[in-house]
A.B. asks: 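Before I ask anything, let me first share the structure, which is written out below as structure tokens.
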Amino acid sequence: MEELVLITMDNIIREGNPTLRARAKAVSFPMSDDQKQLAHDMMEFLENSQNPELAEKYKLRAGVGLAAPQVDVSIRMTAVLVPDENDEPLFKHILVNPTILSESVKMAALSEGEGCLSVDREVPGYVPRHDRITLRWYDLDGNKHITKLRDYPAIVCQHEIDHLNGILFFDHINKKNPFNVDENTVILG
Ligand SMILES: O=CN(O)CCNC(=O)c1cccc(Cl)c1Cl
Ligand code: NI
């Protein structure tokens, strides 16, 4: 029985598409049914991409986040699905109109660098990001949430919010020495 897979790699835009460098538009409430459906489809993509059988079957690159601009919808909405070490959801939300209210001076970068479904190439180097952030975001019903995040979930959310502002992960990599970070940056993982 064929699974219903609505978003595949074919729907994900790549470098060169101007939408990827645009500032996405704020979502107004109540959200349209189409916008709510897109949110569910984006989360479905993340779940499928993290399922080895489905990822192989539908040739999906694994992702822990997906921003609407990546499927060529320039609105401020992103799905985040960060698993813990037992593959249980550590942070699983659709963030609408996310804003970083505060951010730590302390920076963090993933030891293995970052990747992006919209970037069809490896770009080696540390991506310095805030180690802790306080996020304000809205859910699909328009309820406001304030969430404090640190480490991996914080890094993923910063990667996704960057997409809403036309920023790609390699924009943050030190051009001269990609593995150079200053002393207040901790390397994670
Ligand atoms: O915008 C989302 N993507 O491009 C999905 C593919 N990339 C990842 O899952 C990913 C990989 C490593 C570090 C971070 Cl922070 C992220 Cl987000
Ligand atoms: Ni990305």
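When a ligand or atom number is given, it counts from 1 through the structure's own listing order.
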A.B. asks: Is there at least one pair of N or O atoms, one from His159 and one from ligand 1, spaced under 3.5 Å apart?
C.D. replies: yes

A.B. asks: Would you mind checking if Lys59 and Asp10 are paired as a salt bridge, meaning a charged N to carboxylate O distance below 4.0 Å?
C.D. replies: no

A.B. asks: For Glu2, is there an ion pair with Lys57 - N to carboxylate O distance below 4.0 angstrom?
C.D. replies: yes

A.B. asks: Which bit of His163 gets closer than 4.0 Å to ligand 1, counting heavy atoms only: side chain, backbone, both or neither?
C.D. replies: side chain

A.B. asks: Kindly give the atom name of the N, O or S atom of His163 closest to the Ni ion (ligand 2).
C.D. replies: NE2

A.B. asks: So is Leu117 polar-close to ligand 1, meaning N/O to N/O under 3.5 Å?
C.D. replies: yes

A.B. asks: Between Arg21 and Glu15, does any side-chain N to carboxylate O distance fall below 4.0 Å?
C.D. replies: no

A.B. asks: Taking non-hydrogen atoms only, is Leu110 closer than 4.0 angstrom to ligand 1 via side chain, backbone, both or neither?
C.D. replies: side chain

A.B. asks: Return the residue, atom name and 0.1 Å-rounded distance of the protein heavy atom closest to atom 9 (O) of ligand 1.
C.D. replies: Val64 N, 2.9 Å

A.B. asks: Could you identify the single nearest non-hydrogen protein atom to atom 8 (C) of ligand 1 and state the distance to 0.1 Å?
C.D. replies: Gly115 O, 3.8 Å

A.B. asks: Would you call Glu114 and Arg129 a salt bridge, using N to O less than 4.0 angstrom?
C.D. replies: yes

A.B. asks: Enumerate the atoms of ligand 1 whose separation from the nearest heavy atom of Gly65 is less than 4.0 angstrom.
C.D. replies: 1 (O), 2 (C), 3 (N), 5 (C)

A.B. asks: With backbone taken as N, CA, C and O and side chain as the heavy atoms from C-beta onward, which portion of Gln70 lies under 4.0 Å from ligand 1: side chain, backbone, both, or neither?
C.D. replies: side chain

A.B. asks: Please say which of Asn97, Asn143, Thr147 ends up in a side-chain hydrogen bond (donor to acceptor under 3.5 Å, both in side chains) with Trp137.
C.D. replies: Thr147

A.B. asks: Are any of the N or O atoms of Glu160 closer than 3.5 Å to those of ligand 1?
C.D. replies: yes

A.B. asks: Using side chain to side chain donor-acceptor pair (under 3.5 Å), reason through Asp41 and Gln37 one step at a time and then give a plain yes or no.
C.D. replies: CA-CA 6 Å; Asp41 297 345; Gln37 185 59 55; 2.8 Å; yes

A.B. asks: Give, rounded to 10 degrees, the angle between SG (Cys116) and NE2 (His159) as seen from the Ni ion (ligand 2).
C.D. replies: 120°

A.B. asks: Within 45° of the axis and under 6.0 Å from the centre of the six-membered ring of Phe170, does NZ or CZ of Arg121 qualify?
C.D. replies: yes

A.B. asks: Do Val156 and ligand 1 have an N or O pair less than 3.5 Å apart?
C.D. replies: no

A.B. asks: For atom NZ of Lys36, decide whether the heavy atoms of other residues, nucleotides or ligands shown that lie under 6.0 angstrom number more than 12.
C.D. replies: yes

